[in-house]
Amino acid sequence: MSLIASNIQRIRETIARLQPDHAVEIMAVTKNRTRYEAEEAINLGVDLIGENRVQESIAKWTPRPLIPQHLIGHLQTNKVKYAIDHFDAVDSLDSEKIAEQLNRRLAEQTGGTFNVMLQINAGMEESKTGFPPDCDVVRNFLLQASKWPHLEFIGIMALFPRAIDTSEQEKQRIRKLMKETGELWRMCQMEGFPWAPLTILSMGMSEDYEWAIDAGSTLIRLGTNIFGPR
Ligand SMILES: *Cc1c(COP(=O)(O)O)cnc(C)c1O
């Protein structure tokens with residue numbers, strides 16, 4: 001069996017062991033990987049492709065992959081047009097400005113709707129963009145998102161700090177942030193805004209996806225665990 005195949009098998013076994021009471025989809029994060037490596041993961045049944053950069057993704061994925069492809073890196077305003085053409089969703093919507101721009105472009109370009117996810121900076125880290133993990137802030141943002149009729153908010157993508165060591169204390173710190181983010185997601189979902197079904201909770205990367213699944217994640221984003229160290 002190839003490395004990628006045995007890695008994916010191990011991830012599936014881990015998910016099964018955790019016995020989540022909901023489905024967990026696997027996104028293969030293919031930044032800095034070749035199309036050849038990524039195609040192997042697709043053939044092995046991963047659910048989605050995640051790319052961080054618009055340009056890298058266009059170069060790699062023309063023609064596009066057979067499974068949905070999402071942008072998970074920060075979107076610059078000058079790339080909005082290309083993102084709409086190239087991705088099935090932008091999971092990294094991190095400001096009102098970018099929502100405005102996406103909506104305006106969509107009105108001109110396709111006239112249809114486009115899937116987006118709200119990015120949450122769960123640890124309020126300066127190195128990361130996104131909304132704070134604050135129910136009022138997120139709910140208010142979603143409430144007024146009806147003014148962007150071309151955007152459909154299909155979920156939340158949350159970013160977490162990396163554990164600085166392997167101590168129990170660090171583990172509990174991250175787990176607590178994940179649990180709170182899960183609660184925030186459920187609360188916003190219950191608002192029932194027609195333009196924000198929020199069916200997806202994307203949290204968990206190679207290092208912490210087991211904790212994320214325990215906290216309710218429906219979509220884990222894995223690079224290193226599938227393809228090996230970068
Ligand atoms: C790179 C990246 C991942 C995957 O990281 P790994 O630790 O390699 O699994 C997931 N999410 C985002 C937003 C990323 O940029």
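Side chains included, hydrogens not; waters and symmetry mates left out as well; all remaining heavy atoms used.
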[X] side chain to [Y] backbone, donor-acceptor under 3.5 Å:
X: Trp195; Y: His150; answer: no
X: Asp94; Y: Gln119; answer: no
X: His70; Y: Leu48; answer: no

task = Report the hydrophobic cluster partners of Ile164, with the cluster defined as I, L, V, M, F, W, Y residues connected by side-chain heavy atoms closer than 4.5 angstrom, directly or transitively.
result = none
Which atom names give the shortest non-hydrogen contact between [X] and [Y], and what distance separates them?
X: Asn225; Y: Ser206; result: N-OG, 2.9 Å
X: Ser202; Y: Met117; result: CB-CE, 3.6 Å
X: Val29; Y: Phe227; result: O-CE1, 3.5 Å
X: Met203; Y: Ile220; result: O-CG2, 3.6 Å

query = Listed by chain and number, what are the salt bridge (charged side-chain N to carboxylate O under 4.0 Å, His left out) partners of Arg10, not counting sequence neighbours?
reply = none
query = Under 30°, 30 to 60°, or over 60°: which ring-plane class applies to Phe153 and Trp148, parallel, tilted or perpendicular?
reply = tilted
Calculate, to the nearest 0.5 Å, the distance between atoms [atom1] and [atom2] belonging to [X] and [Y] respectively.
X: Asp136; Y: Leu143; atom1: CG; atom2: CG; answer: 11.5 Å
X: His74; Y: Ile98; atom1: NE2; atom2: CD1; answer: 6.0 Å
X: Glu100; Y: Glu96; atom1: CD; atom2: CD; answer: 5.5 Å
X: Glu40; Y: Ile8; atom1: CD; atom2: CD1; answer: 7.5 Å

key: Pairs touching residues 43-57 that satisfy salt bridge (Lys or Arg N to Asp or Glu O under 4.0 Å), sequence neighbours left out   =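 Found Glu51-Lys60, Glu56-Lys60.
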message = Considering only residues two or more places apart or on different chains, which pairs with a residue in residues 20-29 satisfy salt bridge (Lys or Arg N to Asp or Glu O under 4.0 Å)?
response = none
key: Distance-only donor-acceptor check, side chains Glu170 and Ser167, under 3.5 Å   = no
request  = Compare all side-chain heavy atoms of Leu75 with those of Gln101 and state whether any distance is below 4.5 angstrom.
outcome  = no
task = Not counting sequence neighbours, which residues clear ring pair (Phe, Tyr, Trp, His ring centres under 6.0 Å) with Trp211? List them please.
result = none
ask   = Residues in ring pair (Phe, Tyr, Trp, His ring centres under 6.0 Å) with Tyr82, at least two apart?
value =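 Listed in chain order: nothing, the list is empty.
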